[in-house]
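Sending over a structure as structure tokens; questions will come in a sec.
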There are 2 protein chains.
Amino acid sequence: MEKRVTIQDVANRAGVSITTVSRYVNGRYESMSAKTRERIRAVIEELGYRPNALAQGLKASRTKSIAAVVVNMSYPFCVGFLRSLSLILTRSGYHLIVSETGGDADIERDVVQSLLAQRVEAMVLQTGGENGDLLAAIAEQMPVVLVDRAFAVAGAHTIATNNREASREMALHLFDRGYRHVIYVTEDEAGIPTRIERLQGYEDACAAREVAATVVHVNRQDVGSMERAAGVVSELAQAAKGEPIAVYTANGLIMMPLYRLLRQLPLAVPSVFGMATFDEPDWAQLVDPTLTCVRQPVEEMGAEAGRLLLKRVHGKPASDGRAEVARIVLPSHIVPGGSTK
Amino acid sequence: MEKRVTIQDVANRAGVSITTVSRYVNGRYESMSAKTRERIRAVIEELGYRPNALAQGLKASRTKSIAAVVVNMSYPFCVGFLRSLSLILTRSGYHLIVSETGGDADIERDVVQSLLAQRVEAMVLQTGGENGDLLAAIAEQMPVVLVDRAFAVAGAHTIATNNREASREMALHLFDRGYRHVIYVTEDEAGIPTRIERLQGYEDACAAREVAATVVHVNRQDVGSMERAAGVVSELAQAAKGEPIAVYTANGLIMMPLYRLLRQLPLAVPSVFGMATFDEPDWAQLVDPTLTCVRQPVEEMGAEAGRLLLKRVHGKPASDGRAEVARIVLPSHIVPGGSTK
DNA sequence: TTGAAAGCGCTAACAG
DNA sequence: CTGTTAGCGCTTTCAA
């Protein structure tokens, strides 16, 4: 492990002071003779010098890194979101630190504290909502963006999709296609805005059509709950006596394990049985018939988060010391598939 | 943006020197009176002090962060790998910085340099192979792990799967199921070991069965190439005059767009037409019939990378200054599905 | 156009 | 048991 070359080494070799090298590194060429400038350039090249970002940051607490805290980075939403966020940040020389909470409030707190100690310059979180006070306190120190789940946290920006409206539209779409009953399958709301809003949207649609809402709660970890959900669907199908019914899941992760169980039922898709989900799983176009779904603008959300953070991190804080807090809502759209017709 | 509390603040408030506080923070309680210790604990709690990781790291160049450089973080391999890597690292208080190269050698170089300046303590890369010299140089300064693509880089560890053997097995599996021709669809090898090895495995199997190899090259970005591939399959099926044939793709990302095209052919799956792929896409179990595939131990690779890096980062370098370089191969396994029978 | 010097927040000898 | 002191590598006044 060789010793790393420092600004001092460059200064010595070039026969100038470290101040001058520092100036060169920071592009302040105007106060420097062309000769000195060229000399330093050559030495830096020769020695392969790269400034220690740590030392640079120590003074201004600028680490050129931004953290993303998500429930599970393998969730399709997170994958797309993180990727586009990462792309934007990289373009501005920022690094993305990714952390997982698994949805656990204690872990979330620890992770956030640790990130704070690491002096990240900003944070974007898919939070569970339990650490609101902590996040509000952090929002006073650095830009904080809450994504996907639009909890109300003082000082934090939010980026989400129009869950309620899009969910309502999907349910209406199903009713309009002639499905007399739409069974909504979701996870326990657990106070999570996204889930609550999607459920509300479904209920809005039921109310609009004066149809009774049928909500089935499942637990993704629990296969039994999925089987029970399929059982409920089966019973309702029988009770419907041939009238078309549909299943609409609150997200793609629920539909995944449920899909096979539903297809095993003796119900013809889409004629007497419709299927749809919020989210657009990558397999939606591979199954036969293709799956009707709600596409979230995942990439746009990531890009928007990146832009927002960079603007806040770069820019001087607003004159009154408190910048505008953005609440961005990016609309989702229905992608009709063969599973509803 | 309030001023952050420093070790000095704590020292002042507690009426001790910063050294003592530093000792407390680093858990060296033995050299400290119980009274002092309690006093400091109280003040830290009161002020909500958290040591500045930047300043801590400046001295020892320990940033508690490790970087992962991948081609595309949304690739299924990367998603699973990064997640399990992240989990391991977090458990040891390390942060994971994720960067993308898009497979571009220049970007890879820039990203790596930038990470170097950031003083990450180690790197794991899914490299394109063009920056071997740079990586070898870095491997002299910090632990470097090459994952997925087992390029030979001096001083770097590698973690990969047994691509050639697993690919051979899959091809043999297909021949054994009675498919007389197995068409292998892959991307341009581009010098990437993973691709070369999988192709070799297929060729090994063809040689063993004394069957001519049929390799079709496609470009994932190019729909036309996929259609041409499907065309080749169609022609071969006709030439086979009812004899069963199969398609075997080099990875799941190729199979995804190809799948629909192949299913549109008038060929019965699996009786006269078999389908299989390297990788296990999450939709493999959702389509009907389920898709036969090769499951890579993605999570294990991530966990192994994490363990390896942490061991090397923590441990003192070996006495001779050059630690053992690990070449880890984790085996893949065939997951039989209904698409071959 | 340049450099000396004072830190940024923390750790680690070395003395008491 | 505790404090003094000297940096880690770099930026930034303030003078020259």
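Computed from heavy atoms alone, side chains included, the values below leave out hydrogens, waters and symmetry copies. Chain A is the first sequence line, chain B the second, and so forth, proteins listed ahead of strands; every chain is numbered from 1.
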Give the rounded distance in Å between these two atoms: CD of Gln8(B) and P of dA6(C).
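Value for this atom pair: 17 Å.
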- Task: Evaluate the side-chain proximity of Asp148(B) to Thr194(B): yes if any heavy-atom separation is below 4.5 Å, no if none is.
- Result: yes
*Does Ser17(A) have a side-chain nitrogen or oxygen under 4.0 Å from the phosphate oxygens OP1 or OP2 of dG3(C)?*
yes
In numerical order, the residues of residues 47-61 of chain A whose heavy atoms come under 4.0 Å of DNA chain D are Tyr49(A), Pro51(A), Asn52(A), Ala55(A), Gln56(A), Leu58(A), Lys59(A)
How long is the line joining CD1 of Ile18(B) and P of dG3(D), in whole Å?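 Result: 11 Å.
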Length of the line joining Asp9(A):CG and dC8(D):P, which is rounded to integer Å =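 So the two atoms are 11 Å apart, to the nearest Å.
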* Hey, are Ser22(A) and Thr19(A) close enough side-chain-wise for a donor-acceptor pair under 3.5 Å? ->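 No, no side-chain donor-acceptor contact under 3.5 Å.
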Roughly, in whole Å, what's the span from CD1 in Ile7(A) to P in dT12(D)?
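So the CD1-P distance, Ile7(A) to dT12(D), works out to 11 Å.
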- prompt: Does Leu87(A) reach the side chain of Glu100(B), with side-chain heavy atoms less than 4.5 Å apart?
  reply: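 Heavy-atom side-chain distance check passes, below 4.5 Å.
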In numerical order, the residues of residues 22-43 of chain A whose heavy atoms come under 4.0 Å of DNA chain D are Ser22(A), Asn26(A), Arg28(A)
Looking only at N and O atoms, is any donor in the side chain of Thr19(B) or the base of dT4(D) less than 3.5 Å from an acceptor on the other one? yes
Which side-chain N or O atoms in residues 91-99 of chain A pair as donor and acceptor under 3.5 Å with protein atoms at least two apart or in another chain?
unit_1   : atom_1 : unit_2    : atom_2 : d
Tyr94(A) : OH     : Glu121(A) : OE1    : 3.0
His95(A) : NE2    : Ser114(B) : OG     : 2.9

Discussion item. Treating Asn26(B) as the side-chain partner and Arg28(B) as the backbone partner, does any N or O pair qualify as donor plus acceptor under 3.5 Å?
Written reply: no
Do Thr20(B) and Ser17(B) have side-chain heavy atoms sitting under 4.5 Å apart? yes
request  = Check the surroundings of atom CZ in Arg50(B): do more than 12 heavy atoms from other residues, nucleotides or ligands lie under 6.0 Å from it?
outcome  = yes
| request: Indicate yes or no: at least one non-hydrogen side-chain atom of Val70(A) is less than 4.5 angstrom from one of Tyr75(A). | output: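 Counting from C-beta outward, Val70(A) and Tyr75(A) never come under 4.5 Å.
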